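As structure tokens, the structure follows; a few thoughts come after it.
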Amino acid sequence: MEVIIQKDPAECVRLAARIFVRQLQIQPNAVLGLATGRTMIPLYAELVRNHREGRLKLKRATVFNLDEYVGIPSTDAGSFRRFLDDHFVNRVDINPARVHLPSARGAETRNVGLAYEKAIEKAGGIDLQVLGIGQDGHIGFNEPTSSLASRTRIKTLTRQTRRDNAEPFGSWEKVPAHAITMGIGTILESRRIILLAFGKSKAAAIAKMVEGPVTAMVPASALQFHPDVKVIVDEAAGSRLRNKRYYKETLAGKPEWQKL
Ligand code: F6R
């Protein structure tokens, strides 16, 4: 894992946006795996700015979002569809027909999630996956004890996760208890991954993910198996990393071309 500690969230999103922009310049029809949540708000704002200034074109790109709540319509203010449309899709030139979110249709069968897996496969797989991380180390909505080989399926959210996501719903009890999420196995098949985290509340999860053992109790630790992950954190989120000085020295010694 490449750990990149930046001064503040603004620097983190500038770097993540440069990686994103470069990917689309090299590969205009890239398949993008996207995330929602507070961490992503400044990233999407920066991507929209890049689009308005002519550096980012998404006409030929395809999007697969990591997850969606179960049991609320996509028009609900708390849905991830609304989040993605409001912060990103409706502000750039992406073709809405190429924006996909998992759906819990078929939830009564064991095959829920299969259609999403097939759609990702048909699109050629995910070229660049953007991730946030939960305080409990979840990625997507793969809560602790998720199988590290899991595929897209329905998960029960922890109370902590529902509390963390309460804002658009008014109270945590109104946050749906279930979500459909790409599995950890699905995420690990992405060709490149960037994970963003800001603030002290994420420091323990980041330290466990990067420097702890691989365990289903910290789902993000499975990323240690992936050959191309950039972990981009601000000073606060990186504050509990033991090898901070090494990561900083490594970054300082990198030639420009290796940074994106
Ligand atoms: C959202 C997602 C989650 C979030 C994580 C962090 O699509 O899959 O894993 O990335 O819960 O959320 P924030 O950024 O709100 O702290």
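In listed order, ligands and their atoms are each counted from 1. What you see is a predicted model, and the numbers here were worked out from it, not measured in a lab.
Between Lys254 and Glu249 no salt bridge is recorded (no basic side-chain N to carboxylate O distance below 4.0 Å). Between Glu143 and Lys155, none of the side-chain N atoms (NZ, or NE/NH1/NH2) sits under 4.0 Å from a carboxylate O, so this pair counts as no salt bridge. Salt bridge annotation for Lys259-Glu2: absent, with no cationic side-chain nitrogen under 4.0 angstrom from a carboxylate oxygen.
Those atoms of ligand 1 with a heavy atom of Leu66 less than 4.0 angstrom away are 8 (O). Of all the atoms in ligand 1, the ones that sit under 4.0 Å from a non-hydrogen atom of Asp67 are 1 (C), 2 (C), 7 (O), 8 (O).
In terms of protein heavy atoms, atom 14 (O) of ligand 1 is closest to Thr39 OG1, 2.5 Å. In this structure, atom 15 (O) of ligand 1 lies nearest to the protein heavy atom Arg38 N, 2.8 Å. Looking only at heavy atoms of the protein, atom 6 (C) of ligand 1 is closest to Ile133 O, 3.3 Å. In terms of protein heavy-atom proximity, atom 5 (C) of ligand 1 is nearest to His138 NE2, 3.4 Å. Annotation: atom 4 (C) of ligand 1 to nearest protein heavy atom, Thr36 O, 4.0 Å. With respect to atom 3 (C) of ligand 1, the closest heavy atom belonging to the protein is Gly140 O, 3.5 Å. The protein heavy atom nearest to atom 10 (O) of ligand 1 is Gly132 CA, 3.4 Å.
Aromatic ring centres of Tyr69 and Phe83 lie farther apart than the 6.0 Å criterion allows. The six-membered or imidazole ring of Phe20 lies away from that of Tyr44, with a centre-to-centre distance of 6.0 Å or more.
The shortest N or O to N or O distance between Asn65 and ligand 1 is not below 3.5 Å.
Heavy atoms of Lys202 found under 4.0 angstrom from ligand 1 belong exclusively to the side chain.
With Leu223 as the partner, the side chain to side chain contact (heavy atoms under 4.5 Å, CB included) test is satisfied by one option alone out of Ile139, Val218, Ile133, Val210: Ile139.
No side-chain donor-acceptor contact under 3.5 Å links Gln129 to the backbone of Ile187.
For the pair Arg162 and Trp172, the NZ or CZ position fails the cation-pi test of under 6.0 Å to the six-membered ring centre and within 45 degrees of the ring normal.
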